[in-house]
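Notes follow the structure.
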Amino acid sequence: MRYIAFDTETYPIRTQGKATTLLTPRMVCMTSTEDMRTVTTFDREQACVPFASWIQDEDVTLICANAQFDLLVMARACWEVLEINVLPDLFRACEQERVVDIILNEQLEDIGRGGMFIRGAYSLKDLVWRHLGIKMEGKKGADVWRLRYNELDGIPIEQWPEEAREYAALDALYTMRVWNAQGTATQNASYQMCASLCLGLMSSWGMMIDADEALRIDGFYAEREHRLLAEMKEIVVDTAGYQQYLREQASLNG
C-alpha cells in the first residue's frame, strides 16, 4: 500500500451565499508527499491527473487534514480541468478505508476516551503541536500566504516566493508526520469519513433533488396555502361581524 499525504491551497473561502459549487473554492496548487522527505507541488492543471489516478488505485491511501475540504476542492478542479466526475471514486475510496482524515481521527479518538481535547483545537496547527511539539507559523494574520494563493494563480510555481512554496509544502509534510504519530486508524473512521464527505457536499454544493417532484410539491402547497388563506379571511370577517353584533346587543341591554 502506498500512503500519500496531500493538501490543497485555494482562493479565499466564501462564507456566505447560496449553496453552489462555487462555495468550494478554486484550487491553486496541490502538494503531496510519500516519504516525509520529498514534497511535490502541482499547479491546478497538473494536479488533477495524479489525483484522479490515486483515488482509482486500490493500492493508494490518501492522508489529509480536513479531508472533506480537500476532496471537494479536487473534485471541482477535476471537473473543470478534465471534465470528469470523481465523486463516485471518492466515495468508493472512503468506503475502502483509503482516505484518512487526521483531524477526524483525532476527534474520534478523543470521543472514545470520554471527551474532547480542547474545544475547537483540531486544526493541523493544533495537532502538530499536540503530537510533534512543533509550533507552526504563518497560520494567522491578514497577510499570511494561506489567504493569498489567489495572487499566484497562473504563475509558474518556480516563480513563486519561497515563503509561499514552503508554506504549501509544510502542510503536506506535517499531515504525514501527524498521521504517523497517531498510529492505528480509529475504529469506524471510514464510515465517518463517508458521512463527512456527504455533509460537505450538502453544505457546499446543495442537496440533490428531483426537480420535477420539487415543482409538483411546491405547486401543491401553493394551492393549499391560497385556499386556506381565503378561508381564514372569511372566518376573520365572520368573527368581526359577530363581535360587532355582541357589542350592539350589550349596548341595547345596557
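Position 1 is the first residue of the sequence, and the numbers go up from there. These numbers come from the heavy atoms of this one structure, side chains and all, not from hydrogens, waters or symmetry mates.
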Inset, instruction - For Asn66 and Tyr122, run side-chain hydrogen bond (donor to acceptor under 3.5 Å, both in side chains): C-alpha distance rounded to whole Å, both residues' side-chain angles, the deciding distance at 0.1 Å, then the answer. - result: CA-CA 9 Å; Asn66 190 15; Tyr122 287 96; over 6 Å; no

Legend entry - Worked check of side-chain hydrogen bond (donor to acceptor under 3.5 Å, both in side chains) between Thr31 and Asp7: CA-CA 5 Å; Thr31 51; Asp7 183 72; 4.7 Å; no

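Of all heavy-atom pairs spanning Thr175 and Cys64, the tightest one is CG2-C, 3.7 Å. When all heavy atoms of Cys48 and Val81 are compared, the closest pair comes out as SG-CB, 3.9 Å. The two residues Met27 and Ala47 make their nearest non-hydrogen contact at CE-CB, 3.6 Å. The nearest pair of heavy atoms linking Ala5 to Ala172 is CB-O, 3.6 Å. Summarising the geometry of Leu152 relative to Pro161, their closest heavy-atom pair is CD2-CD, 3.9 Å, with the distance given to 0.1 Å. The nearest pair of heavy atoms linking Val128 to Met136 is CG2-SD, 3.5 Å.
Within the 3.5 Å criterion, the main-chain N or O of Ala77 finds no donor-acceptor partner in the side chain of Glu80. For the pair Asp101 (side chain) and Ala67 (backbone), a donor-acceptor distance under 3.5 Å is present. Side-chain atoms of Asp171 never come within 3.5 Å of backbone atoms of Ala168 as a donor-acceptor pair (strictly under, hydrogens ignored).
Here OG1 of Thr8 is found 9.0 Å from CG of Leu71. Values are rounded to the nearest 0.5 Å. Taking CZ of Arg44 as the start and CE of Met74 as the end, the distance is 9.5 Å to the nearest 0.5 Å. We find the CD1-OG1 distance between Ile157 and Thr41 to be 5.5 Å, quoted to the nearest 0.5 Å. Met1 CE to Asp57 CG: the interatomic distance, rounded to the nearest 0.5 Å, is 8.5 Å. Distance CZ/Arg177 to CG/Leu124: 11.5 Å, rounded to 0.5 Å. Note: Leu199 CG to Gln192 CD = 9.5 Å, rounded to the nearest 0.5 Å.
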For residues 88-95, please give each side-chain donor-acceptor pair under 3.5 Å, one per line with the distance, not counting sequence neighbours.
residue : atom : partner : partner atom : Å
Asp89   : OD1  : Arg92   : NH1          : 2.6
Asp89   : OD2  : Gln56   : NE2          : 3.3

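More than 12 heavy atoms of other shown residues, nucleotides or ligands fall within 6.0 angstrom of atom CD in Glu223. Other residues, nucleotides and ligands contribute at most 12 non-hydrogen atoms within 6.0 Å of the CD atom of Glu225.
Listed by chain and number, the residues in a side chain to side chain donor-acceptor pair (under 3.5 Å) with Arg227 amount to none (sequence neighbours excluded). Evaluation of the side-chain contact (heavy atoms from CB on, under 4.5 Å) rule for Ala181 yields His131, Leu132 as partners, not counting sequence neighbours. Applying the salt bridge (Lys or Arg N to Asp or Glu O under 4.0 Å) test to Glu162 and every residue at least two apart in sequence or in another chain returns Arg165. Taking Asp212 as the reference, Asp210 meet the side-chain contact (heavy atoms from CB on, under 4.5 Å) condition, with sequence neighbours excluded. Under the side-chain contact (heavy atoms from CB on, under 4.5 Å) criterion, Ile84 pairs with Ala52, Cys78, Leu82, Val86, sequence neighbours left out.
The aromatic rings of Trp54 and Phe6 sit tilted relative to each other, their planes meeting at an angle between 30° and 60°.
Tyr3 and Ile102 fall within the same hydrophobic cluster, defined by Ile, Leu, Val, Met, Phe, Trp and Tyr side-chain heavy atoms under 4.5 Å apart, directly or through other members. Under a hydrophobic-cluster definition in which Ile, Leu, Val, Met, Phe, Trp and Tyr are linked whenever side-chain heavy atoms come within less than 4.5 Å, directly or via other members, Leu62 and Val49 are assigned to the same cluster. In this structure, Val73 is not a member of the same hydrophobic cluster as Trp79, with clusters built from ILVMFWY side-chain heavy atoms closer than 4.5 Å. The hydrophobic cluster containing Leu170 does not contain Trp129, counting ILVMFWY residues as joined when their side-chain heavy atoms lie under 4.5 angstrom apart, directly or transitively. In terms of hydrophobic clustering, with Ile, Leu, Val, Met, Phe, Trp and Tyr side chains grouped at heavy-atom distances under 4.5 Å, Trp179 and Met36 are assigned to a common cluster.
Residues Leu87 and Leu201 meet the side-chain proximity criterion, which asks for heavy atoms closer than 4.5 Å. Looking at Val28 and Tyr11, their side chains come closer than 4.5 Å, going by heavy atoms from C-beta outward. Taking the side chain as every heavy atom from C-beta outward, Glu9 and Tyr167 approach each other to under 4.5 Å. Using a 4.5 Å heavy-atom threshold, the side chains of Glu106 and Ile103 count as separate. Under the 4.5 Å side-chain criterion, counting only non-hydrogen atoms from C-beta, Thr61 is not in contact with Glu97. Residues Ile4 and Thr33 fail the side-chain proximity criterion, which asks for heavy atoms closer than 4.5 Å. Residues Phe69 and Thr10 meet the side-chain proximity criterion, which asks for heavy atoms closer than 4.5 Å. A 4.5 Å side-chain heavy-atom check between Pro12 and Tyr149 finds every atom pair outside the cut-off.
Looking at Asp153 and Arg26, a side-chain N of the basic residue comes within less than 4.0 Å of a carboxylate O on the acidic one, giving a salt bridge. A salt bridge links Asp110 with Arg130: the distance from a Lys NZ or Arg NE/NH1/NH2 to an Asp or Glu carboxylate oxygen falls below 4.0 Å. Under a 4.0 Å N-O distance rule, the pair Arg2/Glu34 qualifies as a salt bridge.
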